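In this text the structure is predicted, and so the values were computed from the model without any measurement. Lettering of chains follows the sequences in order, A, B, ..., and the numbering in each one begins at 1.
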2 protein chains.
Amino acid sequence: MPSPNGHGPVMADVARLAGVSHQTVSRVLNGHPNVRDATRERVRAAIEELGYRRNSSARALVTRRTNVLGVIAVDTTLYGPASTLFGLEQAARAAGYFVSIVSLKSGDTVSLAPAIGYLAEQSIEGLVLITPKRVTAESLAALPETLPVVAVEGGQAPDIPVVCVDQFTGAVTATRHLLDLGHRTVWHVSGPAGWLEAEGRIQGWRSALRAAGAAAPDPVPGDWTPRSGYAAGLRLARDPEVTAVFVANDQMALGVLRAFSEAGVRVPDDVSVVGFDDIPEAEFFTPPLTTVWQDFTQVGERSIEVLLEQIDGAAGRGGDPARVVVPTRLAVRASTARAARSRRDQGGTRQ
Amino acid sequence: MPSPNGHGPVMADVARLAGVSHQTVSRVLNGHPNVRDATRERVRAAIEELGYRRNSSARALVTRRTNVLGVIAVDTTLYGPASTLFGLEQAARAAGYFVSIVSLKSGDTVSLAPAIGYLAEQSIEGLVLITPKRVTAESLAALPETLPVVAVEGGQAPDIPVVCVDQFTGAVTATRHLLDLGHRTVWHVSGPAGWLEAEGRIQGWRSALRAAGAAAPDPVPGDWTPRSGYAAGLRLARDPEVTAVFVANDQMALGVLRAFSEAGVRVPDDVSVVGFDDIPEAEFFTPPLTTVWQDFTQVGERSIEVLLEQIDGAAGRGGDPARVVVPTRLAVRASTARAARSRRDQGGTRQ
DNA sequence: GGCTACATTGTTAGCGCTAACATCTCTCCC
DNA sequence: GGGAGAGATGTTAGCGCTAACAATGTAGCC
């Protein structure tokens, strides 16, 4: 009877079986060097025989380290957040941390306070916010002052480190690609107000147009869903001036393509379309979508790096918060083409 | 100086400030009834003032409850697993549990043993497997005998409870929908071998064909990606006998649509296509895709239910494992239509 | 008034582990 | 051969909390 308490073996049980003290077992478990090989082997064998697993709570209690990172993520069914979370978890695990997740539905205003309070109960060592929209100020007040934090796609507050994709340059590249193809200007279907990614893409788009001396039409607002892209597409299809559209994400671009197709607007002959995200489906849209690729894996990895720096530095926050910007890449496919002088020059009705 | 140790306040600090014993603080925190209202208020105020948070490790150590569930998930960037995970987390949080996740890349053979070992270190109270492929036997051997487990889309082993979508009936419904439209038979683009979902859909498809007395062509194998669907689509486009295709997921269906479009095969005029999953994009494919909708939210909720039953019942495994089957629904859109007598009857070349 | 019953609070003893210190056992070298 | 020094192991004292029990106070009732 190795475990007299009925709760699975504890360190003392292993110690007894191996004929050593529990502290020696602890040393073996923690890779302490000063243990004789023969002893180490005996302890290992005893651990194996009993199927012993160390009690993480007891360990955390005394070391004050839980090895748990918290993640608060909005809308993890979307490709972007899901990919970021995936990369994040891989990187965290590689660094020896567990990831405890709270996923929130994308309400219009996001209050993180309940989620933060919830996670704080779990003694997390650091927190990642995958909440790419502006959050309420009271959310940030709920952050314990000493808790290491990193915001992904954030910029929520000046004193929180941020890891983000270079939305601005990505949008500039997309817009310039269209201008370089001879389009007089570029329309934009934007993401919803309050999303930082949406704002960055608008700014990049505007900036590229301004640099080229092109007029910036009003952006057509969307909400990331294919449906909103469809609605935007129907509007743009009616305007014969439109020859190039930069859409703030691939899902909406799909809706735009669908609307154009229904309206008899040919892509890329009549109108060129560029998306953002490079979801796996984009290459197989009709036509295959030119879009901006984001390195979500790297975002995840860098986020963990930034967080671990704070944890290991034991510095908490304060000082100059890091700001890591991950570059994008334009994937050129068949949805963009050289501009005709105007849509009417193309002639030909559909099918 | 409320916290003399430099590590944030502990229960004793709260007790001192409120003028009670630490045990009374504990009682307030745990909602014990026998505390005078005035005392409770004083304790609450002291907690508030100090910003006290209970140490979860200490609590877990003595209660032997961590309130943490582990999740091992494969390929969480796919819509299905991501949605399941999302529903799961919501349900777990509602039940007062944290969710600690390990996400694995979809290798060809999946060994869960390292992930299980990893999570076991964290003293989880239960484990959810979102690993919709057959896993190695050694994986299951790595499961601690007393750990409550539920498999989502699993059926990995006879003694593990399972919550799954009714793949079979979903596939039957999709296939019969096509047969009812007058198609002589239905081709199938399948998911990769080893995935239980893929197998369930093949079986449902075969069964529906058999029931209708239709011949079952060899399934065209895919791997869930749009690219593989595209390849399958090119093959099917060459065969003029093909008038109806049931594709095992929407992403591959997208590839099929793309291939058909390139090959001049019109959907639904020449060929009808049905997908599986009902991803948000499906409605905006060209043409909008008829597909099988799955209730991932319910899958998540039911999984947590099954798991909590085991935890609360303290029964561990054994006995008749639960098997919960969540129904599907066919979303009929524009990619399916009544069969012509043969593809040649349709006439008309493209564009 | 005194005794019972119960509500309220305090005291004590661990949960299983690690850190710090104490102890013991070897070498090694003059 | 004996003392220094290092390596290997054991002993002790908590980490912060909850459970069990003990000790109060407080009505209620004959």
Integer-rounded Å distance: [N] [atom2] and [X] [atom1]:
| X | N | atom1 | atom2 | answer |
| --- | --- | --- | --- | --- |
| His32(A) | dA19(C) | NE2 | C1' | 11 Å |
| His22(A) | dC15(C) | NE2 | P | 12 Å |
| Asp37(B) | dT9(C) | CG | C1' | 15 Å |
| Arg16(A) | dG10(D) | CZ | P | 14 Å |
| Arg42(A) | dG10(D) | CZ | P | 9 Å |
| Met11(B) | dA19(D) | CE | P | 10 Å |
| Leu50(B) | dG16(D) | CG | C1' | 15 Å |
| Gln23(A) | dA22(C) | CD | C1' | 12 Å |

Q: Tell me, please, which residues at least two apart from Arg36(A) pass side-chain hydrogen bond (donor to acceptor under 3.5 Å, both in side chains).
A: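 Per chain and number, Arg36(A) pairs via side-chain hydrogen bond (donor to acceptor under 3.5 Å, both in side chains) with no residue.
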
Q: Go through the structure and list residues passing side-chain hydrogen bond (donor to acceptor under 3.5 Å, both in side chains) with Gln298(B), not counting sequence neighbours.
A: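 Gln298(B) satisfies side-chain hydrogen bond (donor to acceptor under 3.5 Å, both in side chains) with no residue once adjacent residues are dropped.
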
If you look only at distance, which donor and acceptor atoms sit under 3.5 Å apart when one is on a side chain in residues 66-76 of chain B and the other is two or more places apart or in another chain?
unit_1, atom_1, unit_2, atom_2, d
Thr66(B), OG1, Val68(B), N, 3.4
Thr66(B), OG1, Ser123(B), O, 2.7

Indicate whether OP1 or OP2 belonging to [N] is found under 4.0 Å from a side-chain N or O atom of [X].
| X | N | answer |
| --- | --- | --- |
| Arg64(B) | dG16(C) | yes |
| Asn34(A) | dA6(D) | no |
| Thr39(B) | dT9(C) | yes |

I'd like a table of donor-acceptor pairs (distance under 3.5 Å, sequence neighbours excluded) in which one partner is a side-chain atom from residues 41-53 of chain B, with atom names and distances.
unit_1, atom_1, unit_2, atom_2, d
Arg42(B), NH1, Ala18(B), O, 2.7

Output a table of donor-acceptor pairs, distance under 3.5 Å, between side-chain atoms of residues 300-307 of chain A and any protein atom two or more places apart or on a different chain; print 'none' if there are none.
unit_1, atom_1, unit_2, atom_2, d
Arg302(A), NE, Glu305(A), OE1, 3.2
Ser303(A), OG, Val299(A), O, 2.6

Q) With sequence neighbours left out, what residues match Arg93(A) under side chain to side chain contact (heavy atoms under 4.5 Å, CB included)? A)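 For Arg93(A), the residues satisfying side chain to side chain contact (heavy atoms under 4.5 Å, CB included) (neighbours in sequence not counted) are Glu89(A), Gln90(A), Val102(B), Leu104(B), Tyr118(B).
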
Q: Examine the base of dG10(D) for any acceptor or donor lying under 3.5 Å from a partner atom in the side chain of Arg27(A), and report the outcome as yes or no.
A: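 Present.
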
Q: Kindly compute the distance separating CG (Asp13(B)) from CE (Met11(B)), expressed to the nearest 0.5 Å.
A: 11.0 Å

Q: Have a look at the helix from dG1(C)-dC30(D) to dC30(C)-dG1(D) and give the angle its two end axes make, five pairs each, rounded to 10 degrees.
A: 50°

Q) Side chain of Ser21(A): nearest nucleotide among dG7(D), dA19(D), dG10(D)? A)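 The answer is dG10(D).
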
Q. Between dT11(C), dG10(C), dT9(D), which nucleotide gets closest to the side-chain atoms of Arg36(A)?
A. dT9(D)

Q: Taking ring-ring contact (aromatic ring centres under 6.0 Å, His included) as the test, write out the residues that go with Phe86(B), two or more places apart.
A: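 So Phe86(B) forms no ring-ring contact (aromatic ring centres under 6.0 Å, His included) with any residue.
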
(Q) Need to verify one output field. Residue with the more 5' nearest nucleotide on DNA chain C, Arg40(B) or Leu29(A)? (A) Arg40(B)

Q. Do Ser57(A) and Val62(B) touch side chain to side chain, with heavy atoms closer than 4.5 Å?
A. no

**Q.** Main-chain N/O of Val149(A) paired to Gln310(A) side chain as donor or acceptor, under 3.5 Å
**A.**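 Present.
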
Q) Which parts of residues 51-62 of chain A get close to DNA chain D, meaning a heavy atom less than 4.0 angstrom away? A)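 Output list: Leu61(A), Val62(A).
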
